[in-house]
**Student:** 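Take this structure first; my questions come after.
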Amino acid sequence: MDNPVNISGQLLEDQVESYCVENNISYQRAKPGAHAIDFIIDTDDGKVFADCTNQNSVGSVEEKLPHKLWKYHNKYGYSNVCIIKGDHKISPTVLMHCQELARTKMFKLTFKSLEEFCNSLTQKEERYFG
């Protein structure tokens with residue numbers, strides 16, 4: 001039986017991909033099971049690195065965020081990254097850890113809902129990627 005958390009994350013990734021296709025936005029999506037960031041999206045301002053973390057309730061997913069950010073920064077050397085999040089409010093301790101990592105590794109980190117992320121891709125709101 002599929003894990004509901006994996007299904008939820010897959011759905012969020014599918015929604016991001018659909019938005020990119022519908023709006024003719026160039027992107028690369030990680031293959032399922034790959035040790036890669038979910039999306040690398042081409043914008044007028046450069047590449048946007050984005051990872052979907054569709055956590056809608058308390059769980060261990062948020063505790064893994066700092067390591068995920070560290071691992072992907074080492075792999076890609078990005079200067080900006082966006083975590084596309086679900087409804088769950090990430091704990092202040094995990095947020096602080098993530099922001100400290102971003103300061104130390106010198107990259108810009110944002111957390112956005114799917115709607116905020118999509119709006120920023122098509123500049124319906126100010127871009128906040130870097």
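Note that the structure is a prediction, hence the values are computed from the model and not measured.
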**Student:** Identify the heavy atoms of T53 and L12 that sit nearest to each other, and give their distance.
**Tutor:** N-CD2, 4.1 Å

**Student:** Among residues at least two apart in sequence or on other chains, which ones pass side-chain hydrogen bond (donor to acceptor under 3.5 Å, both in side chains) with E17?
**Tutor:**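 Counting only residues at least two positions away or on another chain, E17 forms a side-chain hydrogen bond (donor to acceptor under 3.5 Å, both in side chains) with Y27, R29.
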
**Student:** Over all heavy atoms of both residues, which pair between K68 and C52 is shortest? Give the atoms and the distance, please.
**Tutor:** NZ-O, 4.2 Å

**Student:** Kindly indicate whether the side chain of I40, heavy atoms from C-beta on, has any atom under 4.5 Å from the side chain of V48.
**Tutor:** no

**Student:** How would you list, by chain and number, every residue that makes a side-chain hydrogen bond (donor to acceptor under 3.5 Å, both in side chains) with S18, sequence neighbours excluded?
**Tutor:**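 S18: no side-chain hydrogen bond (donor to acceptor under 3.5 Å, both in side chains) contacts found.
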
**Student:** Test of understanding: with salt bridge (Lys or Arg N to Asp or Glu O under 4.0 Å), list the residues that count as partners of K75, not counting sequence neighbours.
**Tutor:**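 Salt bridge (Lys or Arg N to Asp or Glu O under 4.0 Å) check on K75 returns nothing, list empty.
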
**Student:** Quick check for you: to the nearest 0.5 Å, what is the distance between T110 atom OG1 and I83 atom CD1?
**Tutor:** 8.0 Å

**Student:** Atom CD1 of I37 and atom CG of L69: how far apart are they, to the nearest 0.5 Å?
**Tutor:**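 Reported to 0.5 Å precision, the distance equals 8.0 Å.
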
**Student:** If you take all heavy atoms of V94 and P66, which pair is closest and at what distance?
**Tutor:**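 Here V94 and P66 meet closest at CG1-CD, 4.2 Å.
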
**Student:** A side-chain contact here means heavy atoms from C-beta on lying under 4.5 Å apart; do K112 and S120 qualify?
**Tutor:**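 K112 vs S120: side chains touch.
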
**Student:** How far does CD of Q15 sit from CD of Q10, to the nearest 0.5 angstrom?
**Tutor:**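 If we round to the nearest 0.5 Å, Q15:CD and Q10:CD are 11.0 Å apart.
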
**Student:** When rounded to the nearest 0.5 angstrom, what distance separates CG in L101 from CG in L109?
**Tutor:**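 So the gap between those two atoms works out to 8.5 Å.
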
**Student:** Only one of I84, L65, D38, V81 forms a side-chain contact (heavy atoms from CB on, under 4.5 Å) with D51, so which one is it?
**Tutor:** D38

**Student:** Is there a path of hydrophobic side-chain contacts, each under 4.5 Å between heavy atoms, that joins W70 and M106?
**Tutor:** no

**Student:** Using only atom types and a distance under 3.5 Å, with no angle test, would you say the side chain of E116 pairs donor to acceptor with the backbone of S113?
**Tutor:** yes

**Student:** List the steps, then state whether side chain to side chain contact (heavy atoms under 4.5 Å, CB included) holds for I25 with T43.
**Tutor:** CA-CA 8 Å; I25 298 169; T43 72; 5.6 Å; no

**Student:** Determine whether Y19 and L114 make a side-chain contact, defined as any pair of heavy atoms from C-beta on separated by less than 4.5 Å.
**Tutor:** no

**Student:** My understanding is that only residues two or more places apart in sequence, or in another chain, count here; which of them pass ring pair (Phe, Tyr, Trp, His ring centres under 6.0 Å) with H73?
**Tutor:**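 In terms of ring pair (Phe, Tyr, Trp, His ring centres under 6.0 Å), with neighbours along the sequence ignored, H73 is linked to Y78, F107.
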
**Student:** Can you see whether K105 engages N74 through a side-chain donor-acceptor pair at a distance of less than 3.5 angstrom?
**Tutor:** yes

**Student:** Between Y72 and F49, does the ring centre distance come in under 6.0 Å?
**Tutor:** no

**Student:** Please report the interatomic distance CZ(F39) to NZ(K47), rounded to the nearest 0.5 Å.
**Tutor:**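 Nearest 0.5 Å value for the CZ-NZ distance: 14.5 Å.
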
**Student:** Considering residues at least two apart in sequence or located in another chain, which fulfil the side-chain contact (heavy atoms from CB on, under 4.5 Å) criterion with E100?
**Tutor:**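 Listed in chain order: R103, T104.
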
**Student:** For the atom pair NZ (K85) and NZ (K89), what is the distance rounded to the nearest 0.5 Å?
**Tutor:**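 That separation rounds to 9.5 Å.
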
**Student:** Go through the structure and list residues passing ring pair (Phe, Tyr, Trp, His ring centres under 6.0 Å) with F111, not counting sequence neighbours.
**Tutor:** none

